[in-house]
Every structure is written in structure tokens, then in C-alpha cells.
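Okay, so here's the structure we're looking at.
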2 protein chains.
Amino acid sequence: MDPDAVARAFVEHYYRTFDTNRAGLAGLYQDSSMLSFEGEKIQGAAAITAKLTGLQFQQCQHNISTIDCQTSGPAGGVIVFVSGSLQLAGEHHALKFSQVWNYLYLGLFFLHRMFHLIPTPQGSFYVLNDIFRLNYA
Amino acid sequence: MDPDAVARAFVEHYYRTFDTNRAGLAGLYQDSSMLSFEGEKIQGAAAITAKLTGLQFQQCQHNISTIDCQTSGPAGGVIVFVSGSLQLAGEHHALKFSQVWNYLYLGLFFLHRMFHLIPTPQGSFYVLNDIFRLNYA
């Protein structure tokens with residue numbers, strides 16, 4: 001396994017799915033999966049998918065700036081660390097992030113996110129850990 | 001084990017050590033440890049400690065803004081995701097980050113970092129995975 005290739009393929013697949021068919025992300029999570037979204041903790045594929053598909057914006061485009069990855073131990077996991085931006089398409093909603101009002105005019109947000117991918121018996125990976133933070137820098 | 005308590009205690013210890021006695025970080029890493037520092041991959045406690053102690057600035061102070069944590073699987077690991085800032089004390093060196101020249105006057109940098117902590121037989125934790133990125137937002 002080449003962890004860099006796994007990480008790149010995962011990130012491309014994840015954000016293409018997020019931006020075009022968000023409900024399709026459900027297949028990447030399992031019941032043991034955890035999401036921390038701006039400090040809110042969510043457990044399990046169903047709740048995580050509900051959170052992601054229920055976000056206030058419907059149209060968006062991610063632009064990924066950096067991808068770092070490392071293997072996470074003998075179980076064959078891969079940690080993926082992503083930085084990038086999120087462009088909302090013409091929807092300048094009042095998101096609940098008071099520190100980033102300045103960006104709202106452009107609908108542009110900067111983010112960091114980490115995924116911990118665990119191999120499945122079918123030869124693919126699922127997301128066990130997922131932590132998301134917007135930048136307030 | 002309360003992963004939130006582990007994460008808070010680790011972050012406090014790590015950054016207090018970083019800011020006051022950087023060489024003391026060596027005990028937190030092992031030969032299997034990995035550091036990705038602004039995209040550069042470094043393996044093993046000795047090389048990681050050399051990298052961290054050899055950074056161009058000597059005096060600094062970290063201010064941590066957010067700490068997220070999750071358990072990483074049956075082996076008892078804890079993933080810690082940190083955002084914060086790094087204030088350099090009166091040393092406005094020409095760091096090799098062209099995008100952040102604007103911050104140099106203040107010596108202030110924003111960062112994100114993740115640690116994957118693994119329990120040791122002695123009842124403590126070591127850092128298996130460590131990924132660091134400055135923000136260019």
C-alpha cells in the first residue's frame with residue numbers, strides 16, 4: 001500500500017462526492033465512525049451523514065491546498081491531514097461563525113480537516129476519525 | 001481513560017515543554033514516530049527532536065485556541081487536533097514561508113497540528129503521528 005496514493009485518491013473522491021452528491025458520503029463511514037465538526041461530536045454513519053447533508057449551504061466547491069499523510073500503525077490505517085478552502089456558490093447565508101463575517105461577502109472559508117482511514121475486509125477504506133475546523137486566522 | 005483529559009494534559013505539557021525546554025520533547029517520541037513538518041517527512045525520535053530543536057527561532061510562545069480529540073481504535077490511541085498561534089519573541093527572522101511575510105512584523109503565525117498518541121506499557125502515551133501546518137489563510 002502506498003499511503004500517499006491512498007490519501008490523494010481518498011481526498012479527491014471525498015470532496016468530489018461532497019460537492020456533487022453529499023448523501024453519497026454515507027458509504028465512507030461506519031457505526032464506529034466519529035466526526036468532530038467545529039467542536040460538536042457526532043457518532044455513527046447515519047448521524048454523520050445527516051450532519052453533512054444538513055449543512056446550511058447546498059452548493060459549494062472545495063479547493064484543497066495541501067495533503068499530508070502518515071500510516072497510523074500495524075492495523076494498516078492511514079491518517080490524512082488536509083488544508084484548503086470552501087467556496088459557497090452565491091449563497092451568502094448567515095453561518096454561525098461570527099469570527100468569519102468578513103469572509104461572507106466572498107463566501108470563502110479556509111479549513112483544516114483530518115481523516116483516519118481504516119482498511120475494510122473488501123480492500124477499501126472507511127473513515128474512523130474525522131475532525132473539521134474552520135480557520136479564524 | 002478520558003480522552004478529553006488526556007488530550008488537554010498532553011497539549012499543555014507538549015507546548016510548555018516546547019516553549020521552555022524544547023530538547024525535552026525527545027521523550028514523547030519513539031523510533032516509529034513520524035513527523036510531517038510543512039510537508040517534510042521525518043522519522044524517529046532522534047531526527048524529530050533534531051528538527052524541532054533546530055528550528056530557526058529560539059524563543060517562542062504558543063497560544064492554543066482549540067483542542068479536538070477522538071479515540072483512534074481498539075489499541076487505546078487518542079487523536080488530538082490543535083489550532084492556535086505561535087508568537088516569536090523579538091526575532092523577526094526571514095522564515096522560509098513567503099506567503100506569511102505580512103505576519104513577520106508581528107512575529108505571529110497561525111498553525112494547525114495533529115498528534116496521534118499511543119499508550120505505552122508504563123501507562124503513559126507517546127506520539128506516533130505528528131502533522132504540522134502553518135495557515136496561509
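The shown structure was predicted, so the numbers you read here are calculated from the model rather than taken from an experiment. A note on names: the letters A, B, ... follow the listed sequences, proteins ahead of strands, and every chain is numbered from 1. Only this structure's heavy atoms are used, side chains among them; waters, hydrogens and symmetry mates stay out.
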Non-hydrogen contacts under 4.5 angstrom with chain A: give the residues of [range] involved, or none if there are none.
{"range": "residues 7-28 of chain B", "result": "none"}
{"range": "residues 41-49 of chain B", "result": "Lys41(B)"}
{"range": "residues 73-82 of chain B", "result": "Gly73(B), Ile79(B), Phe81(B)"}

Q | Part of Thr71(B) within contact of chain A (heavy atom distance under 4.5 Å) | A |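 Both backbone and side chain of Thr71(B) come within 4.5 Å of chain A.
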Q. Where does Ser36(B) contact chain A at under 4.5 Å (heavy atoms): side chain, backbone, both or neither?
A. both
Q | Contacts with chain B made by residues 116-130 of chain A (heavy-atom distance under 4.5 Å), listed by residue number | A |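 Checking residues 116-130 of chain A against chain B gives His116(A), Leu128(A), Asn129(A), Asp130(A).
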Q.
Please say yes or no: joined through hydrophobic side-chain contacts below 4.5 Å, possibly via intermediate residues, are Met114(B) and Phe37(A) part of one cluster?
A.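 In one cluster with Met114(B): Phe37(A), no.
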(Q) Rounded to the nearest 0.5 Å, what separates atom CE in Met34(A) from atom CD in Gln70(B)? (A) 5.5 Å
**Q.** chain B contact via Leu111(A) - which portion, at a heavy-atom distance below 4.5 Å
**A.**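 Neither part.
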Q: Pick whichever of Thr66(A), Ile131(A), Ile67(A) has the most heavy-atom pairs under 4.5 Å with chain B.
A: Ile131(A)
Q. For the candidates Ser72(A), Ser32(A), Ser83(A), Gly39(A), which exhibits the highest count of non-hydrogen atom pairs separated by less than 4.5 Å from chain B?
A.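 Most heavy-atom pairs under 4.5 Å with chain B: Ser72(A).
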